[in-house]
Each structure stands twice: as C-alpha cells, then as structure tokens.
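Heads up: numbering here begins at 1 and tracks the sequence. Indexing begins at 1, ligand by ligand and atom by atom, following the structure's order. Side-chain atoms are counted along with the backbone in the values below, which use heavy atoms only and exclude waters and symmetry mates.
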Amino acid sequence: MDTITDELKKLEEEIKRCRKCPLYKTRTNAVPGEGSTNPKIFFIGEAPGAQEDATGRPFVGAAGKLLTTLLNEIGLSRDEVYITNVIKCRPPGNRDPAKEEVEACRPYLEKQLSLMKPKAIVALGRHAASWLSGYMNRRFRSMTREHGIIFESEILGFKARILFTYHPAAALYNPNLLDSLRKDFEKIKEMISKDRRRGTLEDYL
Ligand code: URA
C-alpha cells in the first residue's frame, strides 16, 4: 500500500472510533468517506443520513442515488471520485450539524484533503460551501448567488478549483433546483477538463 492509502486507512479507523462529540452515542456507524484516493473530484456533503448511518457509506440513500446519476451523466463513476461529508456521524433526526460538531470533526476533513490534495473540490450544499469558504478567505453568502462558479483558490497549502452547488437532497423534489444542479455538473465536467480556459475569481465579478 502506498503512504497516502495507508494514512487514509488509519484516519478511517480513527474516525470509526471517534468520541470527540456526543454524536458517537447515537450513531450506528461513523461514515469516513469512500472512493478513489487520487480522485478526479473530491465531493463534500453535509452529514450522513439514516441509510449512511446504517451502512457506514456516504450518499447511499435517495440523495446518493441522484448524485450517482448526475456523475454518470457527465461520464464519471463513483470510484473515480472521493465522497465524504463535513461531519462523519449522523445528527439525530437529520438536523443541521451543530457548530461544536463541525469543529470536532474539522481535523478529519482537513486531513483527508491534505493527504489527497484534490485538484477539483465540489461542495454539495451550504454547509460544505461555508466550511470551504473559511479556507478561501471569503464569506459564503448564498447558494443562489454562488453556485456553479469555478473558483481557483489555495486551501490547506495546495491549489484547487472549487465549485459550490445545491445539495442533491434539496433537488429531489424541486425540478428547478434539479435543473440548476444538472447545469452545475456540466461546469464540473469543464472544471476537470485539461483544456479549460484558465480563469480567476475576477472573471466572475
Ligand atoms: N446527505 C449528505 O450530506 N451526506 C450523505 O452522506 C448523505 C446524505
């Protein structure tokens, strides 16, 4: 095994044993994340839901099925990307993650990103977008204003293209959001293509 895979495995084990916040008391399984350790895209969701908690795998419920479809539509499979969440344990009743939970979990996502150094990172939903914005020295305002923009930024000591989009769960019952999500996935395709015109945040201002 190479060092990155080794380190990620160790980190996964640590996450599965984690007791840094009270969510360990109500979880069935912690959900560290899964996929390629040299991913074309690194996806960050919010938190595990019921099915993820039951299986220990990210995005396997209804929202996950939509994510898989959207990936397939742009010619990618789940094993070419990495999928994880801002927090690794399910909040009871799928409530929003609490500040303390996000802080307790912060080192895990930081370490996953620092080890893989993905060139393309996609935030699914506002929780992941806010989390990433903190490292981009900017404030996340709203998904309506910021979805679909390809940012170029240095985070955690490496350079990446970063895009925010709606959470697939929000698009499940909203055809307008699903349409936006599909268009954003077309941008994601552009984001990972080698011949993409180099742009900066200034292009969008
Ligand atoms: N929603 C998320 O944000 N993450 C999952 O893993 C599943 C649903």
Under 4.0 Å from a heavy atom of His167: which atoms of ligand 1 are those, numbered in the order shown and with their elements? 1 (N), 2 (C), 3 (O)
Within the 4.0 Å heavy-atom shell around Gly45, which atoms of ligand 1 are there? 3 (O)
Any nitrogen or oxygen of Phe59, main chain or side chain, under 3.5 Å from a nitrogen or oxygen of ligand 1? yes
Side chain proximity check, Lys88 to Cys105, heavy atoms < 4.5 angstrom: yes
Counting neighbours of NZ on Lys20 that are heavy atoms of other residues, nucleotides or ligands and sit closer than 6.0 Å, is the number greater than 12? yes
Does any donor atom in the side chain of Asn72 or Thr69 lie under 3.5 Å from an acceptor atom in the other side chain? no
Could you tell me which atoms of ligand 1, counted from 1 in the order shown, lie closer than 4.0 angstrom to a heavy atom of Pro58? 6 (O)
Just by distance, with hydrogens left out, do Tyr135 and Glu110 show a side-chain donor and acceptor under 3.5 Å apart? yes
For ligand 1, does Ala169 get within less than 4.0 Å through its side chain, its backbone, both, or neither, judged by non-hydrogen atoms? neither
How far is atom 4 (N) of ligand 1 from its nearest protein heavy atom, and which residue and atom is that? Asn85 OD1, 2.7 Å
Counting only heavy atoms, tell me which of Gly125, Ala50, Pro168, Ala47 gets closest to atom 8 (C) of ligand 1. Ala47
Residue portion contacting ligand 1 (non-hydrogen atoms closer than 4.0 Å) for Glu46: both
Can you classify the ring geometry of Phe164 versus Phe140 as parallel (below 30°), tilted (30 to 60°) or perpendicular (above 60°)? perpendicular
Side chains of Asn38 and Ser36: donor-acceptor distance under 3.5 Å anywhere? no
